[in-house]
Novice: 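Take this structure, written in structure tokens, and hold onto it; I'll ask about it next.
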2 protein chains.
Amino acid sequence: MALDNPTTQAAVTTADKVFEQILHAIVNGNIKAGSKISEPELAKNYQISRSTLREALNRLEKCHLIERKANVGSRVVECSIAGLLEIYVVREALEGMACRQAASNMTEDEIMEMKAMLKQHASAKALRDGVSYYQEEGDLDFHYKVILGSHNQQLINILCGQLYHLVRMYRCQFGMNSPRATKAFDEHSRIIEAIADRDGELAEILMRRHIAASRKNIENKIALQQ
Amino acid sequence: MALDNPTTQAAVTTADKVFEQILHAIVNGNIKAGSKISEPELAKNYQISRSTLREALNRLEKCHLIERKANVGSRVVECSIAGLLEIYVVREALEGMACRQAASNMTEDEIMEMKAMLKQHASAKALRDGVSYYQEEGDLDFHYKVILGSHNQQLINILCGQLYHLVRMYRCQFGMNSPRATKAFDEHSRIIEAIADRDGELAEILMRRHIAASRKNIENKIALQQ
DNA sequence: AAAATAAAAAGTGTCGACAATTTAGCTTTT
DNA sequence: AAAAGCTAAATTGTCGACACTTTTTATTTT
């Protein structure tokens, strides 16, 4: 699983470092979704004082990975189907717009970089063990690049700084929402084309379809199970 | 200026209360945009310890009202034209989607409530001193109701918990981005109609246009000044 | 006089202790 | 036996002090 997102900045303080450790523990499920967080216990685990642990918890709250109630404590967020679908709805809106902005704002260099990445993914897709690479880091790389290409700091913060932590958490723990490998690659190609053509309107439509397709894919799986 | 958003929960701890006070001070400019925040000074002002002040600062950071650098300190965010336009772009995407979801998810009661609100605004618009009411709380009320109507907790959190604090801050301090009173009212009416018709596609389009129109209004003003 | 260096002041990060609140377990009551 | 009330334990919130970093000021050097 891709561990970091492209906007993480160097962890200088100990609270930063512990934050990153707990972040990863939550994302890959070592600390279970929905579980209660005991400040004294965690502080002892990481061998820090409760104050700096609380500082770390504040950053986790900023990422929406834990929720806090006054005088009661913190819990790791739950992973539910409904929650996953909510995230897809937000992604459809935000990444669609990010894609539109990217078509206007990406530099030629950035676009070339994306094309190169796609080429690399194409070969990696064939080479590496089946589709696994493209199903994981490769897909995230693509989406991160588009988001950064928007050059809109608000979009970047919300998506990379918050939502994508949850995306990775769901991907790690649910498994059912990995990208549909074969189709996703083609869709990515067309999106890059639209960006390269500076066609923001089309780029947004394609990205929205791309994300909506994943969401519907999950909705179908759920419907079948019932 | 509408002081609170509909998702604020009761402030039980002293850090909560100080957070709210500083929030308001930043939003209406009593603490200036871009200014440095001195922890010892603020702690003395509010007569609390530095620890609980830092707790309050963490919440302000969550709202994107202050920014923090390790070992250096916190600053209130800057208000710039570019920043304002960025926010409009995000709002267009998120509120457009919220409006689409509202068309699916609002209860009949909620829709009736919105219609009643609009009627009240219509009379208030005529009565009160010109357009001022509708330019401020009235407009926010409408947008908040639509957002809540989406019944999507992620959307609600991002918009009410974060972005709208900035919206109110810009509105307070810039002034140039108040709603275009005469047109806004009609646009609101049509949006509610689309929601009542359960036409999510149209509702999204109308909301996006509504917000994009405000953004373009500002872009034009800027263009004229240069 | 300008630049570089060193010392001092101010500011942020971390710690351990105490206060206030919640939770758990026990006793009492019906 | 179930519910209510009470006591004790555990947990969270707040405080003041100390450690480390950054910034400012003063001094020296070129």
Side-chain angles (χ1 to χ4, degrees), chain A residues 7-26 30-78 161, chain B residues 7-26 30-78 161:
Chain A
T7 60
T8 53
Q9 43 200 4
V12 337
T13 175
T14 62
D16 285 329
K17 292 166 196 163
V18 173
F19 158 70
E20 288 185 356
Q21 292 184 56
I22 303 179
L23 171 66
H24 291 143
I26 291 178
N30 293 342
I31 299 177
K32 277 177 199 153
S35 66
K36 173 103 173 34
I37 284 178
S38 160
E39 292 182 4
E41 190 188 323
L42 265 190
K44 198 163 58 178
N45 273 9
Y46 292 98
Q47 306 191 22
I48 56 177
S49 78
R50 249 187 70 229
S51 311
T52 81
L53 178 83
R54 281 165 66 85
E55 185 71 38
L57 292 185
N58 273 318
R59 287 169 221 197
L60 290 167
E61 203 185 356
K62 254 183 52 177
C63 303
H64 296 154
L65 285 175
I66 69 173
E67 283 165 353
R68 216 165 167 196
K69 259 192 248 175
N71 286 318
V72 173
S74 316
R75 300 196 87 91
V76 180
V77 294
E78 293 280 3
Chain B
T7 60
T8 53
Q9 43 199 3
V12 337
T13 175
T14 61
D16 285 329
K17 292 167 195 161
V18 173
F19 157 70
E20 288 185 356
Q21 293 185 55
I22 303 179
L23 171 67
H24 291 143
I26 290 178
N30 293 342
I31 298 178
K32 277 176 198 154
S35 66
K36 174 108 175 32
I37 285 178
S38 161
E39 293 181 4
E41 190 188 324
L42 265 190
K44 198 162 59 178
N45 273 10
Y46 292 98
Q47 306 192 20
I48 56 177
S49 78
R50 248 186 72 229
S51 311
T52 81
L53 178 83
R54 281 165 67 84
E55 186 71 37
L57 292 185
N58 273 318
R59 287 169 221 198
L60 290 166
E61 203 185 356
K62 255 183 51 178
C63 304
H64 297 154
L65 285 175
I66 70 173
E67 284 164 353
R68 214 164 166 199
K69 259 192 248 177
N71 286 317
V72 173
S74 315
R75 300 196 87 91
V76 180
V77 294
E78 294 279 4

Novice: Any non-hydrogen side-chain atom of A:L60 less than 4.5 Å from a side-chain atom of A:L23?
Specialist: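 Of all side-chain heavy-atom pairs linking A:L23 with A:L60, at least one is under 4.5 Å.
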
Novice: So, taking the atom named OG in B:S74 and the one named CZ in B:R54, what distance separates them when rounded to the nearest 0.5 Å?
Specialist: 8.0 Å

Novice: Should A:K36 be listed as having a side-chain N or O under 4.0 Å from OP1 or OP2 of D:dT12?
Specialist: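 Affirmative; the distance criterion is met.
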
Novice: May I ask you to verify if any side-chain N or O of A:R68 is less than 4.0 angstrom from the OP1 or OP2 atom of D:dG13?
Specialist: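 It does, given that an N or O in the side chain of A:R68 lies less than 4.0 Å from OP1 or OP2 of D:dG13.
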
Novice: Looking at the side chain of A:I48, which of D:dT22, D:dG13, C:dC15 is the nearest nucleotide?
Specialist: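 The listed nucleotide nearest to A:I48's side chain is C:dC15.
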
Novice: What contact category does A:S51 fall into here, base, sugar-phosphate, or nothing, at under 4.0 angstrom with non-hydrogen atoms?
Specialist: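 Base contact.
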
Novice: Which of the following nucleotides, D:dT22, D:dT12, D:dG13, is nearest to the side chain of A:P40?
Specialist: D:dT12

Novice: What residues, two or more places apart in sequence or in another chain, satisfy side-chain contact (heavy atoms from CB on, under 4.5 Å) together with B:E61?
Specialist: A:K62, B:N58, B:I66, B:R68

Novice: Please tell me if the side chains of B:V76 and B:I37 come closer than 4.5 Å, counting only heavy atoms from C-beta onward.
Specialist: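 SC-SC contact between B:V76 and B:I37 confirmed.
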
Novice: For C:dT14, does OP1 or OP2 lie under 4.0 Å from any side-chain N or O of A:T52?
Specialist: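 Checking C:dT14 against A:T52, no side-chain N or O comes under 4.0 Å of OP1 or OP2.
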
Novice: Where the side chain of B:T13 is concerned, which of D:dT12, C:dT22, D:dG13 is the nearest nucleotide?
Specialist: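 For B:T13, the side-chain atoms sit closest to D:dG13.
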
Novice: Base, sugar-phosphate or nothing for A:I37? Non-hydrogen atoms, less than 4.0 Å.
Specialist: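 Result for A:I37 = sugar-phosphate.
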
Novice: Within this structure, what is the CZ-to-P distance between B:R54 and D:dT12, rounded to whole angstrom?
Specialist: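 Going from CZ in B:R54 over to P in D:dT12 covers 20 Å.
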
